Amino acid sequence: LGSGWLGGQTKGTSTLRPDGSVVVCGGVLSGSGLLLGVENGCSTFLPGTQTWSYKALSTPRGDQTATLLPSGQVLLAGGFLVKDGAVVGGTVEVIGNDSASGTWQSYSAAPFSSPATILKDGRVLMAGGTLDPVSGALGAPALADSGLWEIDTVTLLLDGRVLVAGSDEARVGLSRTLDPATGEWSAPTPMVAYRHQSQAALLADGRVLVTGGGGGSGTYVRVTEVFDPATGLWAPSGELSIGRVTHRMIRLRSGRVLVTGGFRETASLETNELFDPESGAWRLTGPFRHSRRGHTLTLLPSGGVLAAGGAQANAFLSSTEVFDPVTETWSPGPALLRTRGYHTSQYLRDGSILLAGGYNYSTDCLPFDFCPMKTAEILDPLSGGVTVATSLFYARPWCQSVSLPDGRVLVMDFGEVSQDPYTADAFVPGGLVEARRPVLAPGAGTIVYGTPFSVSGTNLGGDSETGSGSTSSGSANYPLFQL
C-alpha cells in the first residue's frame, strides 16, 4: 500500500497515531528461513499522500513492544539483537511525531484583516465580511458596515451580539453593536473618551471593560470605561495609574482584570495594574521583570498568566514571564526560540500555545529596522519546552488569531505591512483527524468554576489497542476531550 515501503521484517510493531498515520518499527529480518538480523529503523505511512517515510533507530531491535504516548510519540521498549542473540538490555527509545507541529492552510478569496472575532455559530467576523471556515466562503455582515471611521476593539458579548468600539473622523469615541443573526447594527451612547490602540476585556458579568489608548496630540488616556449590554450605556470605571498604549489586558479566574506593560512617551513600561469589577477599584500590582510592549498574555491552567515576547526601545524580546495571582509577582518563564513582538498567541487543542508572526529587529529591514516575521513556534506550558512550528505563508506583524471550532487557528493582520494583506493563514495542529474529533452530547449545561461538571458524548477516549508486539500490546486509551 503506497510507495516507499522499506519493510520485509517480522516481529516488529505497528502503531496507529491519532492523526491517522501508522508507524512500523523494528522487527526481525528473514530470508530463506534464516534469521538475518534486525531492522534499525521505523517506516511511517501517511494516509493523506499514500506514501511511506523512513527514520533510523538509535538502537536496532526486534520483538520489542510499542506504546503510543498522548503526544503522538511512540515508546519502544526491549527487544533483541539477532546478530549475537543478545537481549537489548532494558533500553527504551521514543520515536518523535513529525506531524505534531502542524501545517498551514491559506485563505485568499477576499480581504481578511484584524480586528476580528469568532461568532457563536463558528463563523469569523472581520473587516471584509464573515468567514465560514469550513467552506471558505465570505459573506455578510462585515465590520466595514459598522459606519465607524476607525475600529479599535471587537468583543463577542454573552448574548451573541458583537460590540465594536472606535471613533468617527472627528475623533469622537463611538461604538456599535451587531446582531449577527439579522445583520442589524445599533448605536449605543457615545463612549466616555476617544482612544486609539486601546484594549477590551469581557467581564464575568457580561459587561465590557475598555482601557488605555492614545487620546490624540501625544496624550495617553487614563480614564477607563465599562459598557453595559443590557442598557447600551458607557460609564467611567476609574483611572489607570499610568495611561498607556500597546499594552495587553486579560481577565483572571478570580474575575479581576490584569493590565500589563505598554508604551508611554518614549519608553516601554514595566508597571502593571489590577481592576476589581466588584468594587470598581484600580491598583498597581507586581511589575514586570523586563519592561515590554506589544507582548502577548495567555491564561495558564494553573490560573497564572504567561507574558511572552514584546519590545523594548528598538529591541525585541525572547523572554517570557509568569504572573502568580496569589503573590502578585512575576517569575522567569521559558525563553522563546526567536525574539518577537506584536505577534499573536493562541492555545492549541493539546494544551500547547502557538506563537506566530510579529516583528523582530534587524538592520536589514529599512527604514525602521523592524522585520515582519513569518516564523512560528509552539510552547508547552507544562514542561516549558519550546519547539519550531512550520512558518506562515506570509509575514504577519500586528497580527491577531482566532481559535476555530475544529481546532485550527486563523491568523490575519491589519494588512498595512503584510506581504499579502488579502489573505489569512489557518494553522492545522498535528494530532486528531476529524473522524476522531470528540463530540459532546447536547444539553451539557453551564460550567461553573469550582463546582463538579460532567459531560457525555462520543470519541472522548483514544484508540484502545494502538500499540503492538509479538506477545503484548500497549494501550493508549487516554482521554482526548479537554476543557
Side-chain angles (χ1 to χ4, degrees), residues 1-2 4-31 35-47 49 51-102 334 337 348 350-352 377-380 382-390 429-433 436 462-480:
L1 178 64
W5 167 243
L6 299 177
Q9 68 268 32
T10 61
K11 295 187 177 182
T13 57
S14 61
T15 307
L16 173 66
R17 284 180 170 140
D19 62 5
S21 63
V22 178
V23 57
V24 180
C25 292
V28 178
L29 301 175
S30 60
L35 296 179
L36 303 180
V38 293
E39 174 59 46
N40 67 346
C42 293
S43 297
T44 300
F45 177 70
L46 304 176
T49 59
T51 58
W52 293 84
S53 62
Y54 182 83
K55 179 179 292 185
L57 291 169
S58 61
T59 302
R61 63 184 78 223
D63 204 16
Q64 75 279 356
T65 62
T67 304
L68 179 67
L69 303 178
S71 63
Q73 298 171 303
V74 178
L75 175 69
L76 303 179
F80 63 89
L81 295 174
V82 177
K83 180 179 179 181
D84 53 11
V87 174
V88 178
T91 64
V92 296
E93 184 171 352
V94 175
I95 307 303
N97 185 5
D98 293 337
S99 63
S101 63
L337 302 178
L348 301 177
D350 65 355
S352 60
E377 50 195 296
I378 296 176
L379 185 150
D380 184 339
L382 298 181
S383 68
V386 184
T387 57
V388 175
T390 52
L432 295 177
V433 292
R436 292 184 175 85
D463 302 294
S464 60
E465 296 289 337
T466 56
S468 63
S470 61
T471 58
S472 61
S473 60
S475 173
N477 192 27
Y478 54 86
L480 301 181

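As the structure is a prediction and not an experimental result, all values here were calculated from the model. We count residues from 1, following the sequence as given.
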Enquirer: For the atom pair CG (Leu348) and CG (Leu379), what is the distance rounded to the nearest 0.5 Å?
Expert: 10.5 Å
Enquirer: Pick from Thr15, Val24, Leu76: which one makes a side chain to side chain contact (heavy atoms under 4.5 Å, CB included) with Cys42?
Expert: Leu76
Enquirer: Where do Thr387 and Leu337 come nearest, in terms of heavy atoms and distance?
Expert: C-CD1, 3.7 Å
Enquirer: Hey, is the main chain of Leu57 close enough, under 3.5 Å, to the side chain of Glu93 for a donor-acceptor pair?
Expert: no
Enquirer: At their closest point, which heavy atom of Gly384 faces which heavy atom of Pro334, and how far apart are they?
Expert: O-CB, 3.1 Å
Enquirer: Any side-chain heavy-atom pair from Thr44 and Lys55 closer than 4.5 angstrom?
Expert: no
Enquirer: At their closest point, which heavy atom of Glu377 faces which heavy atom of Val386, and how far apart are they?
Expert: OE1-CG1, 3.3 Å
